[in-house]
Amino acid sequence: MKEEILKNLNKKTAVSGEELSKKLGISRTAVWKNIQTLKKRGYKITSIPRKGYILEETPDLLLPALITKNLNTELIGKKIYHFNHLASTNDKAKEIAEKDFLEGSVIIAEKQMQGRGRLGRTWESPDGGVWLSVVLCPEILPAKAQLITLTAANAVAKTLRDFDIPVGIKWPNDLLLEGKKVCGILTELKAELDRINYIVLGIGINVNTKKESYPSELQNIISSLKNFSGRDINRVELVSAVLNNIESEYNVLLNKGSREIIDNWKKYNITLNKSVKITGNKDIFTGIAVDLDENGGLIVKDENSKLSTFYSGEVSLQTPKKITLNK
Ligand code: BT5
């Protein structure tokens, strides 16, 4: 109900308690009580005698009612869950997908206590960032799940560039800004051999986070959007734009196929035509990243011009001088 009240309030025109009570089908006392709770939560709501309520200020929180106002999606964000803190939005998303599956559900936390990267690595998630997961159920083969990571990377890269932040995608799941990581993507799936039950797409973006909030060993290899632009970014607008762009890229994947996603990815990528070092479970491989295959795997040419395709691994971009290829 508080969400509904918020949707009906604005900065310019006062909305009376009576109007709210009629529109929402609750008593005027219930309206008043809900307004008091919203005030306690940090909303600045003033009541003008005989006119009604004005919403002067909203707290800096990623509240579903605020995000929804800017969404133009049919699928993504139809249901948004918001938490002040969670262990991991991906874990919560799996729990929700198992109990109350709805494709396009979004789970957001202001802070994660045990944010996860790939292979059990830690993902630092202090206040001021965007930590969210989206539940998806694409009709693609499990072997093509990497394409979901590329789809999400395209959506986030497009959004950040629209915000004048010149990020580039490092295969498979990083967005870098001036060489420093500002966003990571973690795609996890529940699948059978030939079909995906659901995918949890986790996205973490260092938005208005402070350098001191990260462990010292990360401080020089990561950055935040605020650090780059020197100003606070409106997180509600950013999340809405990310969700809008996820939906359009997801539709490209489902309706047009992988080729188009890969073409879009190429516009934002900073991996191809670079010397790369790929660290896998056991081996380290070096070569030139030449292309992506139709499943989103990275094709790398070694010094003997032999091509190998990688579907996972940690990529470091190197200066081209280090490797000389036989032509
Ligand atoms: C990733 O893993 O980059 C995937 C990160 C996904 C995070 C989202 S947040 C919402 C959702 N819920 C979760 O629990 N996770 C997802 P990977 O490629 O393995 O990179 C992990 C490495 O990035 C760490 O080992 C650190 O070196 C570095 N790192 C940790 N926190 C970072 C941060 N906030 N920003 C940039 N780099 C970070």
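Order of listing sets the numbers, starting from 1, for every ligand and every atom in it.
Side chains of Ser213 and Glu124: no donor on one and acceptor on the other come within 3.5 Å. With hydrogens and angles left out, the side-chain atoms of Lys23 and Asn8 include a donor and acceptor closer than 3.5 Å. With no hydrogens or angles considered, no side-chain donor-acceptor pair links Asn70 and Glu237 at under 3.5 Å.
Here the heavy atom of the protein found nearest to atom 35 (N) of ligand 1 is Asn206 ND2, 2.9 Å. Here the heavy atom of the protein found nearest to atom 34 (N) of ligand 1 is Glu124 O, 2.9 Å. The protein heavy atom nearest to atom 15 (N) of ligand 1 is Arg116 O, 2.8 Å. Ranking protein heavy atoms by distance to atom 26 (C) of ligand 1, first place goes to Leu218 CD2, 3.7 Å. The protein heavy atom nearest to atom 1 (C) of ligand 1 is Asn173 ND2, 3.4 Å.
Salt-bridge check for Glu103 with Lys78: failed, with every basic side-chain N at 4.0 Å or more from each acidic carboxylate O. A salt bridge between Glu110 and Arg235 is present, with a side-chain N of the basic residue lying under 4.0 Å from a carboxylate O of the acidic one. Using a 4.0 Å cut-off between charged nitrogen and carboxylate oxygen, Lys22 and Glu18 count as a salt-bridge pair.
With a heavy-atom cut-off of 4.0 Å, Leu132 touches ligand 1 through its backbone alone. Neither the backbone nor the side chain of Thr209 has a heavy atom within less than 4.0 Å of ligand 1. At a heavy-atom distance under 4.0 Å, only side-chain atoms of Arg121, from C-beta outward, approach ligand 1. With a 4.0 Å heavy-atom cut-off, ligand 1 is reached by the backbone of Thr122 but not by any atom from C-beta on. Here Ile221 has no heavy atoms under 4.0 Å from ligand 1, in either its backbone or its side chain.
Atoms of ligand 1 found under 4.0 Å from any heavy atom of Gly115 (numbered from 1 in listed order, with element): 14 (O). Near Gly204, the atoms of ligand 1 lying under 4.0 angstrom from a non-hydrogen atom of the residue are 8 (C), 9 (S).
Classified by interplanar angle (parallel below 30°, tilted 30° to 60°, perpendicular above 60°), the ring pair Phe101/Tyr198 is tilted.
The residue among Tyr214, Trp131, Trp123 with a heavy atom at the shortest distance from atom 7 (C) of ligand 1 is Trp123. Between the choices Thr187, Val134, Thr89, the shortest heavy-atom distance to atom 11 (C) of ligand 1 belongs to Thr89. For atom 36 (C) of ligand 1, the candidate residues are Ile222, Thr149, Asn90; the nearest heavy-atom contact is made by Ile222. Here atom 20 (O) of ligand 1 lies nearest to Lys181 when heavy atoms of Gln112, Lys181, Gln114 are compared.
The ring pair (Phe, Tyr, Trp, His ring centres under 6.0 Å) test applied to Phe83 returns no partner, not counting sequence neighbours.
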Going by atom type alone, with no hydrogens or angles, which donor-acceptor pairs under 3.5 Å involve a side-chain atom of residues 36-63 and a protein atom two or more places apart or on another chain?
| residue | atom | partner | partner atom | Å |
| --- | --- | --- | --- | --- |
| Thr37 | OG1 | Lys33 | O | 3.0 |
| Thr46 | OG1 | Glu56 | OE2 | 2.8 |

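The number of heavy atoms from other shown groups lying within 6.0 Å of NZ (Lys226) is above 12.
Look at Ser125 and you'll find every heavy atom at least 4.0 Å from all atoms of ligand 1.
Atoms CG and CH2, on Asp263 and Trp265 in that order, are 11.5 Å from each other to the nearest 0.5 Å.
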